[in-house]
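One structure is given here, and the rest of the page talks about it.
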Protein chains: 2
Amino acid sequence: MKSSPAAEPACGAALDGPDLRAVEGPEADAELAEFAKALGHPARVRILRLLVRKNACICGQIVDELPLAQSTVSQHLKVLKESGLIRGEVSGPRTCYCIEPRALRRLKALIGSV
Amino acid sequence: MKSSPAAEPACGAALDGPDLRAVEGPEADAELAEFAKALGHPARVRILRLLVRKNACICGQIVDELPLAQSTVSQHLKVLKESGLIRGEVSGPRTCYCIEPRALRRLKALIGSV
DNA sequence: AGATTTCATCGGCGATCCACGATAAATAAC
DNA sequence: GTTATTTATCGTGGATCGCCGATGAAATCT
């Protein structure tokens with residue numbers, strides 16, 4: 001499989017160099033708290049995992065996977081988007097969501113630092 | 001330094017083998033969400049870092065480090081304790097808090113799995 | 001144009017969070 | 001026994017969350 005870094009182009013993940021920001025200090029604490037709050041609900045953890053596995057996902061598919069109303073799922077998606085962990089791209093009447101690999105790596109670095 | 005696994009006995013961290021629980025699935029999602037919610041506030045991130053650095057800490061010392069009322073800090077400590085990430089041990093009129101390494105490792109494993 | 005599909009947003013309800021001061025409980029010190 | 005110290009808990013107010021149905025906005029289909 002060569003485990004290619006990105007099987008598909010997904011939505012439009014930005015190209016990325018190494019992360020320069022500090023991993024501790026008040027800034028980093030607030031950043032980590034922000035990420036953590038976004039992950040502080042099982043549905044959002046689930047969504048994030050879905051997006052990691054499938055690389056990209058139409059909103060409707062996500063709604064189908066969760067036992068929640070469409071509006072509720074949309075709210076959760078908004079929270080994740082505002083945290084920077086995912087990105088949403090409108091394409092026609094649909095919206096395609098995908099993870100933001102840079103943010104996810106940043107989260108892991110922050111967690112790794114505590 | 002030999003980098004001993006535990007420089008001090010700290011509060012009373014339980015001895016621990018490898019973690020057997022699954023790292024994904026509904027169970028794990030709820031577990032991760034629980035941890036994340038506990039870390040979803042800068043003050044709690046700060047407290048966790050304090051405890052990691054100092055290995056153990058009296059409540060009063062933590063209060064001194066934060067720009068919050070004593071009662072508020074006590075609430076945050078309670079949240080962290082209920083999440084399992086830290087442990088508190090009463091010793092005389094004081095309470096000594098320390099991290100629960102097993103839970104912290106578990107959190108890192110869960111984050112690493114997404 | 002009109003109808004349909006897809007998603008975001010609004011409004012509302014109950015629950016939870018965050019902050020604080022005040023008070024209680026437990027131990028230590030005198 | 002009294003007083004001080006240290007921490008937990010209570011009560012409260014304002015903010016935010018989580019959920020839903022209903023509505024709105026935008027593109028597609030017929």
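Here is the naming used below: chain letters follow the sequence lines, and residue numbers restart at 1 for every chain. As a basis for the values below, the full set of heavy atoms in this structure was taken, side chains included, without hydrogen atoms, waters or symmetry mates.
Once rounded to the nearest 0.5 Å, the distance linking CD of B:E82 with NZ of B:K37 reads 11.0 Å. How far CD of A:Q70 is from CD of A:Q75: 10.0 Å, rounded to the nearest 0.5 Å. Here the CD atom belonging to A:E34 is positioned 12.0 Å from the CG atom belonging to A:L110, to the nearest 0.5 angstrom. Note that the CG atom of A:L77 and the CZ atom of A:R44 stand 10.0 Å from one another [nearest 0.5 Å].
One interatomic measurement links the two molecules: NZ of A:K78 to C1' of D:dC19, which rounds to 15 Å at whole-angstrom precision. What separates CD of A:E89 from P of D:dA27 is a distance of 14 Å, to the nearest Å. Rounding to whole angstrom units, CG of residue B:L66 and P of C:dA19 are separated by 10 Å. Summarising the geometry, the separation between CD on B:E82 and C1' on C:dC18 is reported as 15 Å, rounded to the nearest angstrom.
Close to D:dC17, at under 4.0 Å from its OP1 or OP2, lies no side-chain N or O of A:H76.
Counting non-hydrogen atoms under 4.0 angstrom, A:L68 reaches the backbone sugars and phosphates but no base.
Residue pairs meeting the salt bridge (charged side-chain N to carboxylate O under 4.0 Å, His left out) criterion with at least one member in residues 59-81 of chain B, sequence neighbours excluded, are B:R46-B:E65.
Across the interface with DNA chain D, nearest-nucleotide mapping of A:Q75 and A:G92 shows A:Q75 to be the residue nearer the 5′ end. Mapping B:T72 and A:H41 onto DNA chain D by nearest heavy atom places B:T72 at the nucleotide closer to the 5' end. When each of B:S91 and A:K81 is assigned the nucleotide of DNA chain C bearing its nearest heavy atom, the one mapping closer to the 5' terminus is A:K81.
In terms of modelled atom types and a separation under 3.5 Å, the side chain of A:S83 and the main chain of A:L80 share a donor-acceptor contact. Side chain of A:S113 to backbone of A:V23: a donor-acceptor contact under 3.5 angstrom is found.
Salt bridge B:D29/A:R49: present, at least one basic N to carboxylate O contact under 4.0 Å.
Listed by residue number, there are no residues of residues 24-40 of chain B with a heavy-atom contact under 4.0 Å to DNA chain C.
Side chain B:S71 to base C:dG21: a donor-acceptor pair is found below 3.5 Å.
Cluster membership check: A:V45 shares its hydrophobic cluster with A:V73, using side-chain heavy-atom separations under 4.5 Å among Ile, Leu, Val, Met, Phe, Trp and Tyr.
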Please tabulate, one pair per line, each protein N/O and nucleotide N/O from nucleotides 4-7 of chain C that are separated by under 3.5 Å, including the distance.
residue, atom, partner, partner atom, Å
C:dC7, OP1, A:C59, N, 3.4
C:dC7, OP1, A:G60, N, 3.4
C:dC7, OP2, A:G60, N, 3.1
C:dC7, O3', A:T95, OG1, 3.2

